4 protein chains.
Amino acid sequence: MYDETIFKTRAAEIIRAGRFFFERGWVPATAGNFSARLDADHMAITVSGRHKGELDEDGIMVVDLEGNVLTKDKRPSAETFLHIILYRRDPALGSVLHTHSVNATLLSILARREGRTELVLSDYEVLKALPGIDTHASSVRVPVFANDQNIPRLAAQVDDHMQKHRDVHGYLIEGHGFYTWGVDVETARRHVEAFEFLFECEMQLRRLGS
Amino acid sequence: MYDETIFKTRAAEIIRAGRFFFERGWVPATAGNFSARLDADHMAITVSGRHKGELDEDGIMVVDLEGNVLTKDKRPSAETFLHIILYRRDPALGSVLHTHSVNATLLSILARREGRTELVLSDYEVLKALPGIDTHASSVRVPVFANDQNIPRLAAQVDDHMQKHRDVHGYLIEGHGFYTWGVDVETARRHVEAFEFLFECEMQLRRLGS
Amino acid sequence: MYDETIFKTRAAEIIRAGRFFFERGWVPATAGNFSARLDADHMAITVSGRHKGELDEDGIMVVDLEGNVLTKDKRPSAETFLHIILYRRDPALGSVLHTHSVNATLLSILARREGRTELVLSDYEVLKALPGIDTHASSVRVPVFANDQNIPRLAAQVDDHMQKHRDVHGYLIEGHGFYTWGVDVETARRHVEAFEFLFECEMQLRRLGS
Amino acid sequence: MYDETIFKTRAAEIIRAGRFFFERGWVPATAGNFSARLDADHMAITVSGRHKGELDEDGIMVVDLEGNVLTKDKRPSAETFLHIILYRRDPALGSVLHTHSVNATLLSILARREGRTELVLSDYEVLKALPGIDTHASSVRVPVFANDQNIPRLAAQVDDHMQKHRDVHGYLIEGHGFYTWGVDVETARRHVEAFEFLFECEMQLRRLGS
């Protein structure tokens, strides 16, 4: 079983991250979902249908990495399996955050319309906020997947992609939003901040026709 | 008569929604008006001319669904009848929220200029925040009515439209703003959030010439 | 002499308005200045060089409508005379607010570049927030003056314009910002809100080439 | 040695400035760094890798103007030398603030792409917020340097430029952000506000093709 004290600590971090994202408009209505690892086999994850900017501990539950629900009478986010595959791939991974900003929505739609399956971010100093990047003279490739209500199928596609590309720091789903992660909630949140900053830069460059 | 305790609870929800919208710039000056059902025959509604981001209980009054004012010495929003027709149509409806954002203003103006009487929102994951929609592969049609200072006439037009189109989730008035609703204030507020998110997406796509 | 209690009340209203404008980005650095009438002959006005989003009572002083400074060792805003002419013109006027938003700055620059001396705002429901306007089917003309460091000369120009055009609700100064007013600070602040909303609409229409 | 009380006062000012910038989106993830002079030979500066919007005193340390670290077990910002050269040049300088906004990032990228090494800001009233400028009819030249992970080399380039151009009020680094300064933290922060306002104006003019 999981440790209840660790659950409460992680839940508090998730609640805080949700409020932070909401203030910036990155989790409108009930969009977005967040999780944090509790131990080798369990994660805390947001309950389905809750407003992610106004979470309390009741809006967070425990699911094991097989997908079994450990909190009674609650249904986890429909996208739980997208979280599970990431924790299974990397034992050092401590948090997965899915946000749903206007920019992430539009950049993913525009990329797919243009026949592209990735967004490339190059030569920005802020890239150094991502693990393993120590110069602005870098390129980060963000895959863009087609949206799919069949989450196991989408998860398998993401997992397959990550198997082939070990340096992925986050991915977009068309018209749906962004997934990123980190060793803990705080670090994952900073990755969201860095990517959202870059998404805004990219959108503005598009507006200028650059 | 209506229940005073229920009035106070609904008023508090309306005050909170108003503050929320104001922080996002969706109810400038004295724009916007909000209501919540008290029972089968009564609703709480904002008093005319109040600032909707700085409401207190004094800024909210009771009107019955015939349009009779039940709070002494107060005048309800000029658009009260636009609320009444919605409560009359659907006994399960618990709240009507009218916001007045820049994007709602502009999208309604642009649609009418272009000779269109609706805005179509398609293939966005956020559409799933609306009742009865369970896939992003959906289209939501938002009718756009011409502005009219004759509210009964405008209300009759809206009522007629909704009689013919049962799946309307909200509507725009040209140069004026947006109306949406839900089973309670909280749900209606989430519908506002979802639509405002989509209005921002649509405006940005227009800016990109897409 | 003026009433100290009235001064304190008006000062508190000015402080609150300043914080409000600052949160929205309408008084960057030390830009902007605000005043409120104390009686037939006196006004409270912001001290020169203060940050208008972080005012305290020490940042507000008294000047009479001849321009005489009544608070020791303080220098009023360089634009004091632009406030005085408005109070002199209209005994019912209770507050003058000068904000300095990006949109006001740019719309005034663009108008002058295009050889125009006014901005016309038409067919917006929000126009009804201004005194004497009861339908969206209205046009409000906002004069745009060239910037001038010679304030008495600029004030004379504004005064002359208002003598000829009795329905002015506010004016722009090129590359400098916006002046509006009302019967009290609260009402003047709502006029700022309404105009800033409309400036944002106009800027977005420009971006769309409309 | 430096005075601990002065350190605590300057640290509190830096913490407050960081929160202020973060709320406006000007220091995403761990971007940005801030310093304040303690005396002729010492400065307080942000610790490397901290989130600049959520600093506490533990996130600020002391470095002398030779670059020697005086706080045990902490590593100062990688860009410490960019701060040191400014304090050495001007004994009256009390604070250096480096922010990292979307607009500063993009204007610097666009300038370099267009083969320009400066951004010129002209005819804005807000220019008067900068020292020595008393009319809007002024031009401020903001040099734009290429980004470089070799900080001593970049610092030497900045120092050389400032030796030749005595009226520099701030500079941009390509894809990286903005540096400005002032006699104290409060004044430097106002310079950031003024420049960010102007960067937003310039970006919007670019969007309009002006």
Side-chain angles (χ1 to χ4, degrees), chain A residues 13 16-17 19-26 97 99 101-103 107 120-140 169-170 180 182-210, chain D residues 19 21-33 48-54 59 77-79 82 98-114 145-151 154 172-179 199-200 202-210:
Chain A
E13 292 167 358
R16 187 162 167 264
R19 204 173 300 139
F20 177 89
F21 295 144
F22 183 49
E23 284 164 12
R24 282 147 189 82
W26 300 342
L97 301 175
T99 49
S101 70
V102 166
N103 286 334
L107 286 169
V120 185
L121 304 164
S122 301
D123 298 324
Y124 289 106
E125 180 74 12
V126 163
L127 291 171
K128 288 167 63 184
L130 301 176
I133 295 181
D134 54 13
T135 169
H136 65 279
S138 304
S139 281
V140 166
H169 295 284
T180 191
V183 292
D184 52 30
V185 175
E186 190 57 24
T187 304
R189 200 202 80 183
R190 290 181 189 190
H191 296 168
V192 173
E193 277 187 70
F195 276 107
E196 286 292 346
F197 179 89
L198 294 168
F199 294 161
E200 175 68 15
C201 287
E202 292 291 309
M203 277 299 288
Q204 296 221 21
L205 287 174
R206 276 180 173 267
R207 263 178 238 149
L208 292 170
S210 298
Chain D
R19 204 173 301 139
F21 295 144
F22 183 49
E23 285 164 10
R24 282 146 189 83
W26 301 343
V27 284
T30 56
N33 43 69
S48 179
R50 299 296 171 97
H51 194 294
K52 303 313 179 301
E54 298 171 342
S77 164
E79 292 160 33
L82 291 169
H98 164 45
T99 48
H100 197 129
S101 70
V102 165
N103 285 334
T105 300
L106 293 177
L107 286 169
S108 60
I109 288 174
L110 293 165
R112 303 284 308 188
R113 274 191 196 170
E114 294 160 7
F145 298 102
N147 200 3
D148 194 337
Q149 298 302 324
N150 183 332
I151 297 299
L154 180 53
L172 289 160
I173 308 174
E174 184 183 3
H176 184 149
F178 181 62
Y179 272 84
F199 294 161
E200 175 68 15
E202 292 291 309
M203 277 300 287
Q204 296 220 21
L205 287 175
R206 276 181 173 265
R207 262 177 238 148
L208 292 170
S210 299

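The shown structure was predicted, so the numbers you read here are calculated from the model rather than taken from an experiment. To find a chain, count down the sequence lines: A is the first, B the second, and so on, and within it residues start at 1.
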Largest heavy-atom contact set with chain D, pairs under 4.5 Å, which of Cys201(A), Ala129(A), Ala137(A): Cys201(A)
Contact origin within Ile173(D) toward chain A - heavy atom pairs under 4.5 Å: neither
Listed partners of His51(D) passing ring-ring contact (aromatic ring centres under 6.0 Å, His included), at least two apart: Phe22(D)
Sequence neighbours excluded, the answer for ring-ring contact (aromatic ring centres under 6.0 Å, His included) partners of Phe197(A) is His100(D)
Say you draw a straight line from CZ of Arg207(A) to CZ of Arg206(D); how long is it, rounded to the nearest 0.5 Å? 14.5 Å
Part of Phe20(A) lying under 4.5 Å from any heavy atom of chain D: side chain
How about Leu208(A) and Met203(D): do any of their side-chain heavy atoms sit closer than 4.5 Å? yes
Minimal heavy-atom distance between Arg190(A) and Ala29(D), with the atoms involved, is O-CB, 3.6 Å
The interface call for Glu196(A) against chain D, heavy-atom contacts under 4.5 Å, is neither
If one checks every heavy atom of Asn103(D) against chain A at 4.5 Å, the contacting part turns out to be side chain
Of the listed Leu106(D), Asn147(D), Ile109(D), the one with the largest count of heavy-atom pairs under 4.5 Å with chain A is Asn147(D)
Rounded to the nearest 0.5 Å, what separation is found between the NE2 atom of His136(A) and the CD atom of Glu174(D)? 7.0 Å
Atom CZ in Arg112(D), atom CG in Asp123(A): separation rounded to 0.5 Å? 12.5 Å
Separation between CD (Glu54(D)) and CD (Glu186(A)), nearest 0.5 Å, reads 5.5 Å
So, are Glu79(D) and Lys128(A) salt-bridged, with charged N and O less than 4.0 Å apart? no
